[in-house]
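Contents: one structure, followed by commentary.
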Amino acid sequence: MNELTVLLTLASVHFVALMSPGPDVALVVQNASRYGRQTGLFIALGLSVGILLHSLLSLTGVSYLVHQQPLLYTLLQLLGGSYLLYLGIGALRAVLSHKAACSGEPTRAAATLQLNSQRQAFLKGFATNILNPKALVFFVSLLSSLIPSSMSLSGKAMAIGILFSLSLAWFTSLAWALSGARVQKHLQQASVYIDGICGVLFCLIGSGILYRSVSSWLTHSLA
């Protein structure tokens, strides 16, 4: 394949992956609906920078080396799974706080969901993507299978630019659409359900990653 065909294939595969339900999409939906457009956009920027870093690490071979080191990769899985589980528990705590407030019980705000600055929103998006071990495996597989080692530096730079640009365009469009005045009114009314769904999703994905990482570590230890 020539470089143009490679780049078009890369863009197509990545765009389909971006639209697939997962932690990144759930994070944008949850925060744009709860905190509004500005927070949603900085979450989107953080996620996109995380994808940019994954792309750079994959193309330079760093991610592949991490993936080939059982202990290092297990540590990344434990860290990433724990962080997603933390987000899930925070979202479910917000649901419980909302229910307690509706019943007149004294509540304490869920600190794990509070975003008091653009920097916090950016870092939350960045951490969610960069700590996701599934993202590391995806980009190693995608780039190693599509980007030949003989590809020119300009071609590789364009590949990284495409991955970042598509990610930023998709996540910002999603955040923008979910934070319109009319949509925001309906989403605010449904925020408790959005938190509940996102909380369950984060907990399931985080627990699954933790389970697989511990199982894999035990298998290697006992082998």
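One is the number of the first residue; the rest follow in order along the sequence. Computed over heavy atoms, backbone and side chain alike; hydrogens, waters and symmetry mates excluded. Everything numeric here is computed off the predicted structure, so don't read it as measured data.
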To the nearest 0.5 Å, what is the distance between [atom1] on [X] and [atom2] on [Y]?
X	Y	atom1	atom2	result
Leu18	Ser48	CG	OG	8.0 Å
Phe122	Leu47	CZ	CG	9.5 Å
Leu59	His54	CG	NE2	13.0 Å
Ser58	Leu136	OG	CG	6.0 Å
Leu85	Phe202	CG	CZ	11.5 Å
Ile160	Leu56	CD1	CG	4.0 Å

Minimum heavy-atom distance between [X] and [Y], given as atom pair plus value:
X	Y	answer
Leu163	Ser55	CD1-OG, 3.2 Å
Leu146	Leu10	CD1-CA, 3.8 Å
Leu72	Val66	CD2-CG2, 3.9 Å
Leu168	Ala44	CD1-O, 4.3 Å
Phe164	Leu52	CD1-CB, 3.8 Å
Cys203	Ile89	SG-N, 3.8 Å

- Heavy atoms, side chains only, cut-off 4.5 Å: are Asn2 and Thr5 in contact?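 Yes, side chains in contact.
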- Ile43 side chain reached by Phe171 side chain, heavy atoms, under 4.5 Å: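 They are not in contact (no side-chain heavy atoms under 4.5 Å apart), so the answer is no.
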- Phe138, CZ atom: more than 12 neighbouring heavy atoms under 6.0 Å: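 Result for CZ/Phe138: enclosed.
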- Mark yes when over 12 heavy atoms from residues, nucleotides or ligands other than Met158 sit less than 6.0 Å from its CE; otherwise mark no.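 Atom CE in Met158 is not packed in, count stays at 12 or less.
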- Task: Please lay out, stage by stage, how Leu7 and Met151 fare under the test side chain to side chain contact (heavy atoms under 4.5 Å, CB included).
- Result: CA-CA 11 Å; Leu7 293 175; Met151 193 175 196; 3.8 Å; yes
- Task: I would like to know whether Ile194 and Arg34 meet side chain to side chain contact (heavy atoms under 4.5 Å, CB included); could you show each step before the answer?
- Result: CA-CA 9 Å; Ile194 295 173; Arg34 172 174 283 273; over 6 Å; no
Short side-chain to backbone donor-acceptor contact, [X] and [Y], under 3.5 Å:
X	Y	value
Ser207	Leu204	no
Asn129	Ile51	yes
Thr39	Gly36	no

- Task: Take Ile162 and His14 through the test side chain to side chain contact (heavy atoms under 4.5 Å, CB included) and record every step on the way to the result.
- Result: CA-CA 9 Å; Ile162 287 172; His14 182 54; 6.0 Å; no
